[in-house]
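Only one structure is covered here, and it is reproduced in the block below.
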Amino acid sequence: MNPLATLKIMTFTAALIASQCCAAREPAKEVFEVEGPNVRVMRHEDGSKTYFTRSPDNKTLTKKKLSPNGVLTMLTTYRMDANGNPMGCKIADGQGQELFKVSYGYRKSDAQLVEERMFDARTPRKDPNTGKEMPVQVVKYVYDAQGNRSAPMIFNLLPGKTVEQVFGEKTSELKTNPFKTKSPPGAPANPNARPLKR
């Protein structure tokens, strides 16, 4: 069976299960230190740090992970929309070798993140039926009636190391944009939100 057809079946099944188990949960609070108008730092318990740097035009957000002894281990560069939501990103290792590229899909109705597609930047994989590049991993999210998001549903489409094994996290999602202020209640949905093209 075509990997993308399999993904559609798995997504439908996962959505049914997740719609029954989305629970209201308080996300862990992330604390950022301000190091200037365009730099934020998050310190981790193991002594490592993550630096977030935005471009003056707010179109790019760079996330640098440094080990406890200050060595760069991961570099993620997000392309942002006008509302501070990532539209895509590129993930490189500490030596600057690009590993993955990611595109994000949002619901039109409320701009909630519903899908991440992660592609292998070193070895593009083509769907034999369409000739289009295939993701190596797809992450889906569903929401319950109260707007609580499910845990990420991760679908690895090709054999090999998982994304988590390669760079230590299950998804590339920017969990919190340290520069984004909360929208006031009743603010309109993101006008730039769009679903990923199939």
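Worth knowing before you read on, the calculation uses all heavy atoms, side chains too, and leaves out hydrogens, waters and symmetry mates.
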- Task: Return yes if some donor-acceptor pair links the side-chain N/O of Tyr143 with the main-chain N/O of Leu113 below 3.5 Å, else return no.
- Result: yes
- Does a side chain donor of either Ser172 or Tyr78 reach within less than 3.5 Å of an acceptor in the other side chain? no
- Enter the distance from Lys65:NZ to Thr76:OG1 here, rounded to the nearest 0.5 Å. 7.5 Å
- Does some side-chain heavy atom of Tyr51 sit less than 4.5 Å from a side-chain heavy atom of Leu66? yes
- If you look at every heavy atom in Phe52 and Phe179, which pair is closest and at what distance? O-CZ, 3.5 Å
- Looking at Arg40 and Glu33, does any basic side-chain N land under 4.0 Å from a carboxylate oxygen? no
- Asn85 vs Tyr106 side-chain heavy atoms within contact, under 4.5 Å: yes
- Derivation of the side chain to side chain contact (heavy atoms under 4.5 Å, CB included) call for Ile91 and Glu98: CA-CA 6 Å; Ile91 301 167; Glu98 192 174 315; over 6 Å; no
- Can you tell if the side chain of Thr60 reaches within under 4.5 Å of the side chain of Arg79, non-hydrogen atoms only? no
- Task: Supply the atom-to-atom distance Met80 CE to Lys59 NZ, rounded to the nearest 0.5 angstrom.
- Result: 13.0 Å
- Query: Any sub-3.5 Å donor-acceptor pair from Asp93's side-chain atoms to Gln97's backbone N or O?
  - Reply: yes
- Query: What are the two closest heavy atoms between Asn38 and Ser55, and how far apart are they?
  - Reply: OD1-O, 4.5 Å
- Query: Quick one: does Thr123's side chain get under 4.5 Å of Arg125's, heavy atoms only?
  - Reply: yes
- Message: Using modelled atom types and a 3.5 Å cut-off, is there a donor and acceptor pairing between side-chain atoms of Thr50 and backbone atoms of Met42?
- Response: no
- Heavy atoms, side chains only, cut-off 4.5 Å: are Ser67 and Ser48 in contact? no
- Item | Worked verdict on Phe100 versus Phe119 for ring pair (Phe, Tyr, Trp, His ring centres under 6.0 Å) | CA-CA 5 Å; Phe100 299 101; Phe119 299 85; over 10 Å; no
- Task: Using a strict cut-off of less than 4.0 Å between a Lys/Arg side-chain nitrogen and an Asp/Glu carboxylate oxygen, indicate whether Arg149 and Glu173 qualify as a salt bridge.
- Result: yes
- Hphob cluster co-occupancy, Leu174 + Val41, side-chain heavy atoms under 4.5 angstrom: no
- Item | Co-membership, hydrophobic cluster, residues Val102 and Val139, 4.5 Å side-chain | yes
- Query: Between the side chains of Gln112 and Tyr141, does any donor sit under 3.5 Å from an acceptor?
  - Reply: no
- Item | Atom pair CE/CD of Met118 and Gln137 - distance to nearest 0.5 Å | 5.5 Å
- Distance in Å, Lys90 NZ paired with Lys101 NZ, rounded so as to fall on 0.5 Å steps: 7.5 Å
- Is there a donor-acceptor pair closer than 3.5 Å between any side-chain N or O of Ser150 and the backbone N or O of Val142? yes
- Query: In terms of side-chain geometry, is the basic nitrogen of Arg117 or Glu133 positioned less than 4.0 Å from the acidic oxygen of its partner?
  - Reply: no
- Task: Determine yes or no for a side-chain-to-main-chain donor-acceptor pair under 3.5 angstrom, with Asp120 supplying the side chain and Pro124 the backbone.
- Result: no
- To the nearest 0.5 angstrom, please state how far the OG1 atom of Thr77 sits from the NZ atom of Lys64. 9.0 Å
- Message: With rounding to the nearest 0.5 angstrom, report the CG to CE distance, Asn129 to Met134.
- Response: 9.5 Å
- Note on the structure: Asn177 and Gly84 have their tightest heavy-atom pair at ND2-O, 3.1 Å
- Query: Does any non-hydrogen side-chain atom of Leu75 lie less than 4.5 Å from one of Lys63?
  - Reply: no
- Task: Heavy atoms only: give me the nearest Tyr104-Cys89 pair and the separation to one decimal.
- Result: OH-SG, 3.4 Å
- Whether Thr73 side chain and Gly94 backbone form a donor-acceptor pair below 3.5 Å: no
- Would you confirm whether Thr130, through its side chain, and Lys132, through its main-chain N or O, come within 3.5 Å as a donor-acceptor pair? yes
